[in-house]
Amino acid sequence: MTFHDLHHADEPLLLPNAWDFASAVALHAAGFAAIGTTSLGVAAAHGLADGEGVARGETVALARMIVGLPVPVTVDVESGFGGDVGQLAAELAELGVAGVNIEDGRPGGRLADPEEQAELVRAAKEGAPGLFVNARVDTYWLSVDRESTVDRARRYLDAGADGVFVPGLASEEDIAAVVEAVAAPLNVLHVPALGLKRLGELGVRRVSTGSLLFRAALHAAVTTACAVRDGGPVPDGIPSYADVQGLV
């Protein structure tokens with residue numbers, strides 16, 4: 001199935017988000033149908049801040065490494081890294097990337113002007129017409145101007161977006177309302193209280209893990225180091241050296 005088709009399957013697409021080559025390969029080996037990247041994970045792994053538009057090179061470099069996987073890859077490009085979004089989209093598409101996320105959140109907890117953001121979406125789509133452009137609406141994520149969520153989503157769809165991502169959307173009522181109002185696949189972050197099955201019943205077509213896996217990996221690394229230091233048990237199930245060598 002193509003990446004577009006995965007958004008119209010019987011079950012929501014569960015998209016795990018990788019931050020480096022090893023995490024992407026391990027997720028593919030676990031059987032996931034597509035792999036995304038996490039902008040926080042990519043930026044933080046290189047000592048950079050997320051959302052500041054400073055990780056373009058690192059993001060493209062990771063895309064170049066993982067597009068050889070036999071599953072679609074979609075890349076989080078923040079708000080376009082402050083450059084020519086059409087050119088960025090074309091570069092990623094040429095590498096073999098299947099989709100991008102582009103967000104309307106801005107540094108300092110602000111939202112972009114929706115007309116200006118629609119132009120970025122349009123530029124991405126014109127730069128790479130076959131790319132699945134997922135327009136991220138940060139009204140719930142930033143708790144700013146939530147009443148504009150549907151209007152923003154519709155503007156971005158009119159500009160050519162293929163899907164809408166509303167991170168922070170978590171209640172059944174709010175999710176159902178956006179699904180009803182927006183004529184495109186809705187993407188949300190994993191909502192533990194609802195679960196994948198219920199999100200699908202509500203009409204969600206894509207569920208992302210976002211930065212969760214990266215943060216969980218940091219937690220596991222520190223927890224294991226502390227166990228070694230303090231004489232506690234090391235967690236079970238850790239891949240062996242040979243296992244990791246086999247992945248890469």
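Values in this document were obtained by computation on a predicted structure and should not be read as measured data.
Between the side chain of E103 and the main chain of S79, no donor-acceptor pair closer than 3.5 Å is present. Looking only at distances, a side-chain donor or acceptor of D84 sits under 3.5 Å from a matching main-chain atom of G86. With hydrogens and angles ignored, the 3.5 Å screen pairs no side-chain donor or acceptor of D145 with any backbone N or O of T139. Between the R110 side chain and the P107 main chain, a donor and an acceptor come within less than 3.5 Å of each other. A donor-acceptor contact shorter than 3.5 Å links the side chain of T74 to the backbone of G99.
Looking at heavy atoms from C-beta onward, D162 lies in side-chain contact with K125 at the 4.5 angstrom threshold. Looking at F81 and V54, their side chains never come closer than 4.5 Å, going by heavy atoms from C-beta outward. Side chains of L92 and V77 form a contact here, defined as non-hydrogen atoms less than 4.5 Å apart. A heavy-atom distance below 4.5 Å is not found between the side chains of L69 and V67. The closest side-chain heavy-atom distance from I102 to N134 is not below 4.5 Å. Contact annotation: the side chain of P72 approaches that of L6 to within less than 4.5 Å [non-hydrogen atoms, C-beta and beyond]. In this structure, F21 and V248 have side chains that are in contact, with non-hydrogen atoms separated by less than 4.5 Å. Side chains of V188 and P167 form no contact here, defined as non-hydrogen atoms less than 4.5 Å apart.
The minimum heavy-atom distance between A161 and A135, with the atom names listed, is CB-CB, 3.8 Å. The minimum heavy-atom distance linking V71 with A33 is given by the pair CB-O, 3.5 Å. Annotation for D50 and S39: closest pair OD1-OG, 2.8 Å, computed over non-hydrogen atoms. Between L189 and G168, the shortest heavy-atom distance links the atoms CD1-N, 4.4 Å. In terms of heavy atoms, L27 sits closest to F32 at O-CD1, 3.2 Å. Taking every heavy atom of both residues into account, A93 and L131 meet most closely at CB-CD1, 4.1 Å.
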Criterion side chain to side chain donor-acceptor pair (under 3.5 Å) on N17 and T209, from CA distance to verdict: CA-CA 6 Å; N17 296 88; T209 61; 3.2 Å; yes
Between R155 and D151, is a salt bridge (charged side-chain N to carboxylate O under 4.0 Å, His left out) present by the stated rule, with each step listed? CA-CA 6 Å; R155 286 173 183 261; D151 177 67; 2.9 Å; yes
Step by step, work out the side chain to side chain donor-acceptor pair (under 3.5 Å) result for S208 and N187. CA-CA 7 Å; S208 300; N187 180 189; 3.2 Å; yes
Do I175 and V204 pass the side chain to side chain contact (heavy atoms under 4.5 Å, CB included) test, and can you show the C-alpha distance, the side-chain angles, and the key distance before you say yes or no? CA-CA 8 Å; I175 291 170; V204 171; 3.5 Å; yes
T149 and V166: CA distance, side-chain angles, deciding distance, side chain to side chain contact (heavy atoms under 4.5 Å, CB included) verdict: CA-CA 8 Å; T149 300; V166 189; 4.2 Å; yes
Give the intermediate values and the outcome of salt bridge (charged side-chain N to carboxylate O under 4.0 Å, His left out) for residues R198 and E172. CA-CA 9 Å; R198 181 56 183 151; E172 292 196 3; 3.0 Å; yes
Do I35 and L15 pass the side chain to side chain contact (heavy atoms under 4.5 Å, CB included) test, and can you show the C-alpha distance, the side-chain angles, and the key distance before you say yes or no? CA-CA 6 Å; I35 304 295; L15 186 74; 5.6 Å; no
Tell me, with the steps shown, if I66 and T37 meet side chain to side chain contact (heavy atoms under 4.5 Å, CB included). CA-CA 10 Å; I66 66 177; T37 66; 4.0 Å; yes
Test log, rule salt bridge (charged side-chain N to carboxylate O under 4.0 Å, His left out), inputs D104 and R136: CA-CA 6 Å; D104 64 3; R136 177 171 147 173; over 6 Å; no
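A distance of 10.0 Å separates NE2 in H190 from CG in L213, rounded to the nearest 0.5 Å. How far CD of E91 is from CD of Q87: 7.0 Å, rounded to the nearest 0.5 Å. One distance of note links CD of Q117 with CG of D113; it measures 9.5 Å at 0.5 Å rounding. Taken to the nearest 0.5 Å, the OG1 atom of T38 stands 9.0 Å off from the CH2 atom of W19. The distance from atom OG of S211 to atom CG of D76, rounded to the nearest 0.5 Å, is 10.0 Å. Rounding to the nearest 0.5 Å gives a distance of 11.5 Å between CG of L111 and CZ of R146.
Linking Ile, Leu, Val, Met, Phe, Trp and Tyr whenever their side-chain heavy atoms come within less than 4.5 Å puts L62 and L88 in one cluster. Cluster membership for L48 and F214, using ILVMFWY side-chain heavy atoms within less than 4.5 angstrom, is not shared. A chain of hydrophobic side-chain contacts below 4.5 Å, direct or via other Ile, Leu, Val, Met, Phe, Trp or Tyr residues, connects L199 to V182. L157 and F165 are assigned to two separate hydrophobic clusters, defined by single-linkage of ILVMFWY side chains at heavy-atom distances under 4.5 Å. Linking Ile, Leu, Val, Met, Phe, Trp and Tyr whenever their side-chain heavy atoms come within less than 4.5 Å leaves L212 and L13 in two separate clusters.
In summary, of the residues considered (V133, L120, V100), a side chain to side chain contact (heavy atoms under 4.5 Å, CB included) with V85 occurs for L120 alone.
Applying the 6.0 Å contact sphere to CD of E147 captures more than 12 heavy atoms from other residues, nucleotides or ligands. Applying the 6.0 Å contact sphere to CD of E201 captures more than 12 heavy atoms from other residues, nucleotides or ligands.
Between F132 and H7, the ring-plane angle classifies as parallel under the 30° and 60° cut-offs.
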